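On a predicted model such as this, the values are computed, not experimentally measured, just so you know. Proteins come first, then strands; the chains are lettered A, B, ... in the order of their sequence lines, and each starts at number 1.
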There are 2 protein chains.
Amino acid sequence: MKVSRAQMAENKAKILEEACRLFQQKGFDGVTLAEVMRSAGLTHGAFYGHFRSKEDLIAQILQHRCEKMRQSDVDLGSILDAYLSPQHCESQGTGCHIPAMAPALGPDMVHHSPEARAALTESIRVQIDRMAALAPAEAPEEQRRIAIRSWSAMVGALLLAKASDDPALAAEILAEVRAGVKTGLEG
Amino acid sequence: MKVSRAQMAENKAKILEEACRLFQQKGFDGVTLAEVMRSAGLTHGAFYGHFRSKEDLIAQILQHRCEKMRQSDVDLGSILDAYLSPQHCESQGTGCHIPAMAPALGPDMVHHSPEARAALTESIRVQIDRMAALAPAEAPEEQRRIAIRSWSAMVGALLLAKASDDPALAAEILAEVRAGVKTGLEG
DNA sequence: TGTACATCAGTGAACGCGCGTTCACTGATGTAC
DNA sequence: TGTACATCAGTGAACGCGCGTTCACTGATGTAC
């Protein structure tokens, strides 16, 4: 049953969106293609009409996300709150962006395709630049330093909070790092 | 071919060691039991003489590491250098400890057994306490804050550095966070 | 505008490989006499 | 101390399940006349 071109584009977008959400939640190996396609409301066979392989999927997701990041001028202050909130740490379903994907996909990036790695690396660069622009107006190198330290702390905090089985400890880690990063970004 | 009790204990220790090294390098799903056993110089069938399952293996490793951490009074300053050095980030083979495992295993900890999760959570607590003890002698709560922020930044930095396909960017991230943490720990 | 047909997105059964797990067997260990 | 035997750590072939991938088929789309 062929569908209209518009519908097909919509389907592909839906696959990308659902896959992104699931990878973010469970990591690359923790998600099956069948699961992705089911979430997108299709059968697994249709997958290969849109992507060459699972590896190709992750590369396209990262490229797509990186592009989106470049375009949008989000208020990082509010991202910080959302990103490091206990709710986000637990549910993760809402929103799908590089900051949230990094802890889930970073570790086994080594085994992914050059395309995927390049896209994630580029995302890291963009993220650092964006955070640097937010840092109090000192020398640019100092802004960059603050950005790198803040961003690292955010990624590490989310990872540790997710790994912890104690919600209180997780909340403490997120709160401390959120406070620390805010102080850093306010000078 | 039965082996002596001493040899058997040695074999189990070797399995734990090699598995730890491999998991740290490639993550839980990236390593097969056959690979672990081959590295330990045994055949894969022998695995179930020592562990109930792959899941049991990761739990025992984390418990073992946590215990070791509690006992040893390592100089964290030197750990910091080693941990955040570009060499360590790339090779990873040398040394096998919670700080280095956290970025590799943290993300999919959600899917592991309660035992494994508990052991890792306890390790996070121990690590925070140890770092807090190193922070300049202010109020204990302030020491703890510094420890959480520093440790998060270290974990995040290692993760981002590993994810990056650009060695220069990786080195920069590690260097900046190393410098930042040092400053924080020195007051 | 209406009809006939080629295209091709999606379906779902089937394939095949990899990996965790099992099991019958081997032969060295270590104990009982 | 020496011998006979039960134990059991390790071996390696085999199993079976899950998942990425393929493929023959379907039927709606959209184009050509």
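When hydrophobic side chains of Ile, Leu, Val, Met, Phe, Trp and Tyr are connected at separations under 4.5 Å, M8(A) ends up clustered with V3(A).
When each of H44(A) and H44(B) is assigned the nucleotide of DNA chain C bearing its nearest heavy atom, the one mapping closer to the 5' terminus is H44(A). Heavy-atom nearest nucleotides on DNA chain D were determined for M1(A) and for R5(A), and the one closer to the 5' end corresponds to M1(A). Between F28(B) and G41(A), the one whose closest nucleotide on DNA chain C sits nearer the 5' end is G41(A).
Between the Q143(B) side chain and the A135(B) main chain, a donor and an acceptor come within less than 3.5 Å of each other.
Using a 4.0 Å cut-off between charged side-chain N and carboxylate O, R21(A) and E17(A) make no salt bridge. At a threshold of 4.0 Å, the pair E141(B)-R145(B) does not count as salt-bridged, since none of the basic side-chain nitrogens sits closer than that to a carboxylate oxygen.
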Result block: side-chain N/O donor-acceptor pairs under 3.5 angstrom for residues 33-44 of chain A, not counting sequence neighbours:
{"unit_1": "E35(A)", "atom_1": "OE1", "unit_2": "T32(A)", "atom_2": "N", "d": "3.4"}
{"unit_1": "E35(A)", "atom_1": "OE2", "unit_2": "K26(A)", "atom_2": "NZ", "d": "2.6"}
{"unit_1": "S39(A)", "atom_1": "OG", "unit_2": "E35(A)", "atom_2": "O", "d": "3.0"}

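A search for side chain to side chain donor-acceptor pair (under 3.5 Å) contacts involving D166(A) returns R125(B), not counting sequence neighbours. Take E10(A) and apply the salt bridge (Lys or Arg N to Asp or Glu O under 4.0 Å) test, not counting sequence neighbours, and it matches no residue.
Looking at heavy-atom distances under 4.0 Å, V31(A) makes contact with sugar-phosphate atoms alone, never a base. If you check every strand for non-hydrogen atoms under 4.0 Å, G45(B) touches a base.
In summary, of the residues considered (R117(B), R70(B), Q63(B)), a side chain to side chain donor-acceptor pair (under 3.5 Å) with E122(B) occurs for R70(B) alone.
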Dot-bracket pairing map - DNA chain D, Watson-Crick plus G-U, both contacts under 3.5 Å, | cross-strand: .||||||||||||||||||||||||||||||||
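Mapping heavy-atom proximity under 4.0 Å, the span of DNA chain C touched by chain A runs 5' to 3' from dT7(C) to dA14(C).
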